[in-house]
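Just so you know, these numbers come straight off a predicted model, no measurement behind them. No hydrogens, no waters, no symmetry mates; every other heavy atom, side chains included, goes into these values.
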Amino acid sequence: MDEVLISDEDRRQLGVWAADCAERVLPLFEAKAPGDIRPREAIEGIRTFVREGKRTRVLRSLAWAAHAAARDVGDPAATVAARAACYAAATPYLHPLATPHQSKHILGPAVHGARASELAAGDDEAGDEEIRWAIEHAPTAVRELLRRMPARSPGRSRLDTLYHRLDEALRR
């Protein structure tokens, strides 16, 4: 398995983009669970990492808490929106390994944001719009980091399709 160089700046740029992607769909979660602040705290945690550059146990805990919020909410769109926040908070823990699993971690906040939008709107166009936004706002560092990973295959599910579309577009 090939190792990939991931700089602190790569992690910060990925963190900014991931937080922005997840934050776009956070209202979908908060509308269904207004008292549950775990996904918002996960997004705030990644923004703190971007400013301070320290991967801490607190950030990892915030990611897991957003994951638990996804399990607890009971609404499909809200569940996937909370997963976007989980993926965003976990981006600094990206392993320097050239595997499809690691590319999934890079793309996860945007893809889950897109899927949450689709589920809330009841059509694929909302997800397509989120993917377009993610492509337009992806920093060069994210694109270059993704290019160091194996390309995603199309897969069979809608989530797989979104991963593939975003992966393919960011590699151009």
Q: Classify the angle between the aromatic ring planes of His112 and Tyr163 as parallel (below 30°), tilted (30 to 60°) or perpendicular (above 60°).
A: perpendicular

Q: Taking all non-hydrogen atoms of both residues into account, name the closest pair between Leu166 and Ala134 and its distance.
A: CD1-CB, 4.2 Å

Q. Do Leu14 and Val4 share a hydrophobic cluster, counting only Ile, Leu, Val, Met, Phe, Trp and Tyr and linking them when any side-chain heavy atoms are less than 4.5 Å apart?
A. yes

Q. Counting N and O atoms only, with roles assigned by atom type, does the side chain of Arg11 sit under 3.5 Å from a partner on the main chain of Gly53, one being a donor and the other an acceptor?
A. no

Q: For the pair Asp72 (side chain) and Ala69 (backbone), establish whether a donor and an acceptor sit closer than 3.5 Å, ignoring hydrogens and angles.
A: no

Q: Just do the side-chain hydrogen bond (donor to acceptor under 3.5 Å, both in side chains) check on Arg143 and Thr140 with the steps written out, would you?
A: CA-CA 5 Å; Arg143 292 169 183 271; Thr140 301; 5.8 Å; no

**Q.** Charged N-O contact under 4.0 Å between Arg47 and Glu44
**A.** no

Q) From Ile43 CD1 over to Arg24 CZ, what is the distance, rounded to the nearest 0.5 angstrom? A) 12.0 Å

Q: May I ask you to test the Pro92-Leu59 pair for a side-chain heavy-atom distance under 4.5 Å?
A: yes

Q.
I'd like to know if the side chain of Arg171 and the backbone of Leu146 have a donor-acceptor N/O pair within less than 3.5 Å.
A. yes

**Q.** Separation between CZ of Arg147 and CD1 of Ile106, rounded to the nearest 0.5 Å
**A.** 11.5 Å

Q: Kindly indicate whether the side chain of Arg165, heavy atoms from C-beta on, has any atom under 4.5 Å from the side chain of Asp128.
A: yes

Q. Is the closest side-chain heavy-atom distance between Arg152 and Pro100 below 4.5 Å?
A. yes

Q | Considering all heavy atoms, the nearest Ala63-Ala90 contact | A | CB-N, 4.1 Å

Q: Determine the minimum heavy-atom distance between Val25 and Ala84, stating which atoms define it.
A: CG2-CB, 4.3 Å

Q) Would Leu119 end up clustered with Leu159 when hydrophobic side chains under 4.5 Å apart are linked, directly or stepwise? A) no

**Q.** Spacing of Ser103 atom OG and Leu97 atom CG [to the nearest 0.5 Å]
**A.** 12.0 Å

Q: Using a 4.5 Å cut-off on heavy atoms from C-beta on, say whether the side chain of Phe49 contacts that of Thr91.
A: no

(Q) Within this structure, what is the CD-OG distance for the pair Glu41 and Ser61, rounded to the nearest 0.5 Å? (A) 11.0 Å

Q: Provide the closest heavy-atom pair for Asp167 versus Pro150 in the form atom of the first, atom of the second, distance.
A: OD1-O, 4.5 Å

Q: Please check if Trp17 and Leu162 belong to a single hydrophobic cluster, counting links between Ile, Leu, Val, Met, Phe, Trp and Tyr side chain heavy atoms closer than 4.5 Å.
A: yes

(Q) Side-chain heavy atoms nearer than 4.5 Å, only ILVMFWY residues, links allowed to pass through others: does that put Leu62 and Ile46 together? (A) no

Q: Please report the shortest heavy-atom distance between Pro39 and Ala66, naming the atom on each side.
A: CA-CB, 4.0 Å

(Q) Is there a side-chain contact between Val73 and Asp36 in this structure, where contact means two heavy atoms from C-beta onward sitting under 4.5 Å apart? (A) no

**Q.** Heavy-atom side-chain contact between His137 and Asp20 under 4.5 Å
**A.** no

Q. At what distance, to the nearest 0.5 angstrom, does SG of Cys21 lie from CG of Leu26?
A. 13.0 Å

Q) Mind checking whether Leu170 and Leu107 have side chains closer than 4.5 Å, heavy atoms only? A) yes

Q.
Here's one to test your reading of the geometry: is the NZ or CZ of Arg60 within 45 degrees of the ring axis of Tyr93 and under 6.0 Å from its centre?
A. yes

Q | Common cluster, Val80/Ile131, ILVMFWY with side-chain heavy-atom separation under 4.5 Å | A | no

**Q.** Shortest non-hydrogen contact from Ser157 toward Asp160
**A.** OG-N, 3.0 Å

**Q.** Test side-chain contact (heavy atoms from CB on, under 4.5 Å) applied to Asp10 and Arg148, step by step
**A.** CA-CA 12 Å; Asp10 290 339; Arg148 295 179 218 147; 3.2 Å; yes

Q: State, yes or no, whether a side-chain contact exists between Leu145 and Leu94 at a heavy-atom distance under 4.5 Å.
A: yes

Q. Sub-3.5 Å donor-acceptor pair from the side chain of Gln102 to the main-chain atoms of His95, do we have one?
A. yes

Q | Glu118/Arg115 ion pair, N-O < 4.0 Å | A | yes

Q. Backbone N or O of His67 within a donor-acceptor pair of the Arg38 side chain at under 3.5 Å?
A. no

Q: Look at atom CH2 of Trp133 and say whether more than 12 heavy atoms of other residues, nucleotides or ligands are closer to it than 6.0 Å.
A: yes

